[in-house]
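What follows is one structure encoded as structure tokens, with my remarks underneath.
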Amino acid sequence: MDYNHKDIESRWQKYWKDNNTYKVDIDITRKKYYVLDMFPYPSGAGLHVGHPLGYIASDIFARYKRLQGYNVLHPMGYDAYGLPAEQYAIQTGQHPEVTTRNNIARYRQQLDKIGFCYDWSRELKTCDPEYYKWTQWAFIEMFNHYYDTQLKKAMPIEQLVEQIATKGTKGLTAYCSRELDITPEQWASMSDKEKSDALMNYRIAYLGNTMVNWCPKLGTVLANDEVSEGLSIRGGYPVEQKLMWQWCLRVSAYAERLLQGLDKLDWTESLKETQRNWIGRSEGAEMKFKVADSDVVLDIFTTRADTVFGVTFMVLAPESKYVEMVTTPEQKEAVEEYLQQVKKKTERERMIDKKVTGVFSGSYAVNPLTGKNIPIWISDYVLAGYGTGAIMAVPAHDARAYAFARHFDLPVIPLIEGADVSEQSFDAKEGKMINSSNGEFSLNGLEVKDAIAATKKYIEEKGIGRVKTNYRLRDAIFSRQRYWGEPFPVYYKDGVPQMMKLEELPLMLPEVDAYLPTESGEPPLGRAKNWKTKDGYPIELNTMPGFAGSSAYYLRYTDPHNPDALVSREANNYWHNVDLYIGGTEHATGHLIYSRFWDKFLYDLGVIADDEPFKKLINQGMIQGRSNFVYRIKDTNTFVSHGLKNDYDTTPIHVDVNIVSNDVLDLDKFKAWRPEFADAEFILEDGKYICGYAVEKMSKSMYNVVNPDDIVDRYGADTLRLYEMFLGPLEQSKPWDTNGIDGVNRFIKKLWNLYYKGDQCLVDDSEPSKRALKAIHTLIKKVTYDIEHFSYNTSIAAFMICVNELTADKCHSRQVLNDLVVVLAPFAPHVAEELWHSALNHTTTVVDAKWPVHNDEYLREDEVTYAVSFNGKARFNITVAADMPQDQVQATALADPAAAKWLDGKTIRKVIVVPRKIVNIVVA
RNA sequence: GCUCGAAUGGUGGAAUGGUAGACACGAGGGACUUAAAAUCCCUUGGCCAUUGCGGCUGUGUGGGUUCGAGUCCCACUUCGAGCACCA
């Protein structure tokens, strides 16, 4: 029989399913290995060939590990909550659950065709109440904990309450939004509402009145990672800053641990760097500047404490709380006008508009080192959300302050020797300090680095300031004004938020009559009937954001049906965290930060055993589209082939890549493609119509989407799997080009035809030749190494070489095929399984076989050819016994008649023998 | 602007500091076939030679280290990614 992928693949997929071949359970006799893919959001468009790239890579690794004897957990599920389903629901009125369910069914169908070894009994969906019960639970736990800066971990809020009640807030070691000053007596007399408000300063999940990214078009707030350059990532709509009451997660409390944790992770440097940037640790000092003739003290943050002597003005963010305190009556009108002006601008306008704007507050601050008065300005170039929202401006050594000073004609005092500040500021942190002395304390002559340290020490001693580390990482805004998300397990009693009890969970997402905000502007849940507790208290109307459900899903897979816990201790102790995580880099500052945060929190609670979720992470590259073009001659219906298009005035038109093969257009299919092309005419070259091409994003509108189903149908899943891996290095982005798939398809056919001639199976028990043994053991060695290093493309090249060798050797040895099939099984499981049973007559599945170990014995050569070179230039070859010692190789090379020509009386300075490669003779 | 990564044939891409271009696509030539498809064989970085062996050159640019550099170091160019009024 000829190789028939349809028959083989459907048969084995059914077998695996019927026999639960890939179901795994805790087995303490075997070591575990956990391989995870970033689960997909099931979009309406289905999978294109780019999606399975990472899944195939992880599947290969999972199968490999299993063959090596590990108990491999390899699950799959769906990130089912999300905006597209909701927007579709708004347009059509169809319940998002219905569209989500349909999309999931289609995804599953597509995935099943590719032959993955997922344990589907562990499948999960984030919108499943049995799952989101534990998302809600984690939120409640976050509400009930604070972050202790001394112990560096989350602690129960009751402990904090007790401390405040007995000792007040003085000396608390709790990470907080702002420092409070409450005595035990005051605490005792506070109302429930006041206490609740106070505690919101400490809770890890808290209700905060914070500046948020509000996207009017989407009608919801967005997290920082969902916004780029002032536009929403989804949709690209403008985002404005707005003060709103929102649920937040105190991710910033974990900034240092999130940063430190990166060091021990096996992730790519670039991804770790991205996270480091995002966390944005910066060491500096917080300093106090008294306001002249007032009790107000400005706290500012600076990384350049050394430049205090050059401060010529102060700047406050327009949103800063200080603005009100320092504005003088004379300046009130001007300040208010400026604040109005700033407010009108969107975040994006504020960023794009590089014009220097600002207004004088009327007040002066006192430089703590010089005692001089310096004006306090207000400008939107200072951000309210970073540091203290107030800065000391040193125009000589900061570009933004310089621009500001020049615009408003403020003085510039250079502090570094030789720095020319007549045209621009000198921002570099190097050079010797000048102009920096007040008689008592001097930095003059010091290097910048030493000056920073000296100043920090001095201001701490004098109580003017303190060393402070700031982070750019902000708390995560956790509320979304949407329908299709997890409801908050929160209700309000006299305006005080209360958490539901665990036994009341899951709090099910209610039905609504429409998915839009209510007329009064409440979120869609405002439409739900009886959205209150049984005691009649109103329930929170916001829902949770997308990252809520994806933050701990990897834990749930290890114990997916547990009704009593997110994950049992037993399951967690066995499966631990993810050994290998594969997914796109687009989640670098979103999911991968939140998940680490969530994990660390659960670790603090003692619920799980590891303080990092993903030990090793591989980012597969994006598969881009490869679009094809036809060239229509202007105002005609005639199309000219790519090579001749320059002779005409043409317009390029995208053409469906599925009717193009090797850039040659199928003319009949083109005419049938769209009615307006039915009577198209063509100008051909060499009898063919050659299309142009370009690499673009894979998308419907470019007609360059390739559906994996079509590939599987035509070539088979094994070919698809091999080809996706053969395209290039896993981590690299590359365009999908169906040209070339014939190569790997031919490989499978060659393999098949090596062992089958018609119906006759050629496998025999003959002793394999030396050549065959060398071929197969080279393969085993190479593939083992390559899988460990995720270099799948070179593995596949190794398979091709091996099969070519075996074909040339006419090797039908059972022993050789046995090893070949096992190492092939991770890559092309269906054809491997078929050969395993039909050709080798095994009764177990290849899945349970044992990974072979290569034997160096077979790789050893009898003779080795060395290239003999003189001064690095290759001249001739010598062939000697493989085990000849190096000095003899040298002697042989020098004694060769060909050497005489090059030696020719010259002095030999050195002879270098590189084992099995080169003999280099250095002559002078 | 700062940080990170990349640059190799017509194309995708191989090369622990050791004969650059594995493997595959495409292209050209040939075999089989009435023909096509499929399959198989040969050639395929460039230039020169091709009655022979072969010779020269070549991994974005310019330097350096080394017996020897695609690989290491320095400077530059281009492209990609991340961050970006973060004080």
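Letters A, B, ... are given to chains in the order of the sequence lines, protein chains preceding strands, and every chain is numbered from 1. Treat the numbers as computed from the prediction; the structure is a model and nothing was measured.
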Counting just side-chain N and O atoms, does [X] come under 4.0 Å of either OP1 or OP2 of [N]?
{"X": "Tyr381(A)", "N": "rA87(B)", "answer": "no"}
{"X": "Asn793(A)", "N": "rA14(B)", "answer": "yes"}
{"X": "Ser869(A)", "N": "rG18(B)", "answer": "no"}
{"X": "Arg746(A)", "N": "rC25(B)", "answer": "yes"}
{"X": "Lys910(A)", "N": "rC67(B)", "answer": "yes"}

Describe, in one word, how the ring planes of [X] and [Y] are oriented to each other, choosing from parallel (under 30°), tilted (30 to 60°) and perpendicular (over 60°).
{"X": "Tyr723(A)", "Y": "Trp736(A)", "value": "perpendicular"}
{"X": "Tyr386(A)", "Y": "Phe301(A)", "value": "perpendicular"}
{"X": "Tyr3(A)", "Y": "Trp752(A)", "value": "tilted"}
{"X": "Tyr792(A)", "Y": "Phe790(A)", "value": "perpendicular"}

Which one, [options], comes nearest to the side chain of [X]?
{"X": "Ser282(A)", "options": "rU19(B), rA87(B), rA15(B)", "value": "rA87(B)"}
{"X": "Ile391(A)", "options": "rA87(B), rU19(B), rC83(B)", "value": "rA87(B)"}
{"X": "Lys749(A)", "options": "rA87(B), rA84(B), rU39(B)", "value": "rU39(B)"}
{"X": "Ala867(A)", "options": "rU19(B), rA84(B), rA22(B)", "value": "rU19(B)"}
{"X": "Met800(A)", "options": "rG13(B), rC67(B), rC23(B)", "value": "rC23(B)"}
{"X": "Pro729(A)", "options": "rC83(B), rA14(B), rA87(B)", "value": "rA14(B)"}
{"X": "Val922(A)", "options": "rU39(B), rC67(B), rA87(B)", "value": "rC67(B)"}
{"X": "Gln732(A)", "options": "rG13(B), rC67(B), rC25(B)", "value": "rG13(B)"}
{"X": "Arg472(A)", "options": "rA87(B), rC83(B), rA14(B)", "value": "rC83(B)"}
{"X": "Ile801(A)", "options": "rA22(B), rA87(B), rA24(B)", "value": "rA22(B)"}

Taking the [atom1] atom of each, how far is [N] from [M], in whole Å?
{"N": "rA24(B)", "M": "rG45(B)", "atom1": "P", "result": "15 Å"}
{"N": "rG70(B)", "M": "rG17(B)", "atom1": "P", "result": "13 Å"}
{"N": "rA14(B)", "M": "rG62(B)", "atom1": "C1'", "result": "28 Å"}
{"N": "rC23(B)", "M": "rC32(B)", "atom1": "P", "result": "27 Å"}
{"N": "rU8(B)", "M": "rU78(B)", "atom1": "C1'", "result": "16 Å"}
{"N": "rA69(B)", "M": "rA20(B)", "atom1": "C1'", "result": "11 Å"}
{"N": "rA87(B)", "M": "rA6(B)", "atom1": "C1'", "result": "33 Å"}

Margin query: Which nucleotide, if any, forms a Watson-Crick or G-U wobble pair with rU3(B), using both distances under 3.5 Å?
Written below: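 rU3(B) is paired, partner rA81(B).
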
Checking [Y] against [X]: is there a side-chain donor and acceptor pair closer than 3.5 Å?
{"X": "Ser252(A)", "Y": "Tyr471(A)", "value": "no"}
{"X": "Ser627(A)", "Y": "Glu696(A)", "value": "yes"}
{"X": "Thr303(A)", "Y": "Ser282(A)", "value": "no"}

Face-on cation placement of Arg276(A) at Trp267(A) ring, 6.0 Å and 45° thresholds:
no

Taking only N/O atoms, report every protein-nucleotides 1-11 of chain B pair under 3.5 Å with atom names and distance.
{"from": "rU3(B)", "atom 1": "O2'", "to": "Glu273(A)", "atom 2": "OE2", "distance (Å)": "3.4"}

> Given the side-chain rings of Phe799(A) and Phe827(A), with only the six-membered ring counted for Trp, is the space between their centroids under 6.0 Å?
Replying inline: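 That pair passes the under 6.0 Å test.
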
Leu754(A) CG to rC40(B) C1', straight-line distance once rounded to whole Å: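 Distance, rounded to whole Å: 15 Å.
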
